[in-house]
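What follows is a single structure, written as structure tokens, with notes after it.
Values reported hereafter were calculated over all heavy atoms of this structure, with side chains retained and with hydrogens, waters and symmetry mates removed.
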Amino acid sequence: MSSVDHPSHYKQGKYECIDVMLETFGAEAVKHFCLLNAFKYVWRTGEKNGLEDIKKARFYLDYYISLEEGK
């Protein structure tokens, strides 16, 4: 697991934040969250972490796709 896809600061015990969000708020809310997070990371690419931010955006887009295809 990479620090981009599964950073340790988003995990408490065996639970990862995005998985708890999915259980708590549902797939539609998490899909919106993923699109907004992807936008944020692309937006700041030249200002903060460059390629790492693009990889984070890709993670959220991939997660969105997996939720969408899981219908």
Side-chain angles (χ1 to χ4, degrees):
M1 292 191 177
S2 80
S3 62
V4 169
D5 293 353
H6 302 281
S8 61
H9 57 276
Y10 286 127
K11 191 169 185 177
Q12 292 184 9
K14 63 182 181 177
Y15 300 104
E16 194 162 341
C17 184
I18 199 163
D19 297 327
V20 175
M21 289 170 56
L22 187 59
E23 288 296 318
T24 304
F25 301 108
E28 289 303 312
V30 174
K31 285 182 350 188
H32 290 292
F33 169 79
C34 288
L35 291 177
L36 292 169
N37 250 7
F39 176 84
K40 172 188 75 173
Y41 284 119
V42 170
W43 179 270
R44 74 180 204 184
T45 296
E47 303 299 321
K48 193 167 181 189
N49 296 321
L51 183 58
E52 183 177 331
D53 282 342
I54 294 297
K55 289 177 181 181
K56 288 178 181 180
R58 180 177 60 190
F59 168 80
Y60 284 108
L61 292 173
D62 287 343
Y63 201 92
Y64 174 94
I65 291 167
S66 72
L67 291 174
E68 186 66 23
E69 289 177 341
K71 282 186 171 179

* To do: Before giving the answer on side chain to side chain contact (heavy atoms under 4.5 Å, CB included), spell out for Met21 and Glu16 the whole-Å C-alpha distance, their side-chain angles and the decisive distance to 0.1 Å.
  => CA-CA 9 Å; Met21 289 170 56; Glu16 194 162 341; over 6 Å; no
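- Distance NZ/Lys56 to CG/Leu51: 11.5 Å, rounded to 0.5 Å.
- Ser66 places a side-chain N or O within donor-acceptor distance of the main-chain N or O of Tyr63, the cut-off being under 3.5 Å.
- Counting Ile, Leu, Val, Met, Phe, Trp and Tyr side chains that sit under 4.5 Å apart, directly or through other members, Phe39 shares a hydrophobic cluster with Trp43.
- Taking all atoms of both residues into account, the shortest heavy-atom contact from Val42 to Ala57 is CG2-CB, 3.7 Å.
- No salt bridge links Lys55 with Glu52; every basic N to acidic carboxylate O contact stays at or beyond 4.0 Å.
- Results of the side-chain contact (heavy atoms from CB on, under 4.5 Å) test with Tyr41 over Leu36, Leu61, Asp53, Asn49 single out Asp53 as the only residue that passes.
- Atom NZ of residue Lys40 and atom NZ of residue Lys48 lie 8.0 Å apart, to the nearest 0.5 angstrom.
- In the hydrophobic clustering of this structure, Leu67 groups with Ile18; members are Ile, Leu, Val, Met, Phe, Trp, Tyr whose side-chain heavy atoms approach within less than 4.5 Å, directly or through other members.
- Leu35 and Ile65 fall within the same hydrophobic cluster, defined by Ile, Leu, Val, Met, Phe, Trp and Tyr side-chain heavy atoms under 4.5 Å apart, directly or through other members.
- Listed by chain and number, the residues in a ring-ring contact (aromatic ring centres under 6.0 Å, His included) with Phe33 are Tyr60 (sequence neighbours excluded).
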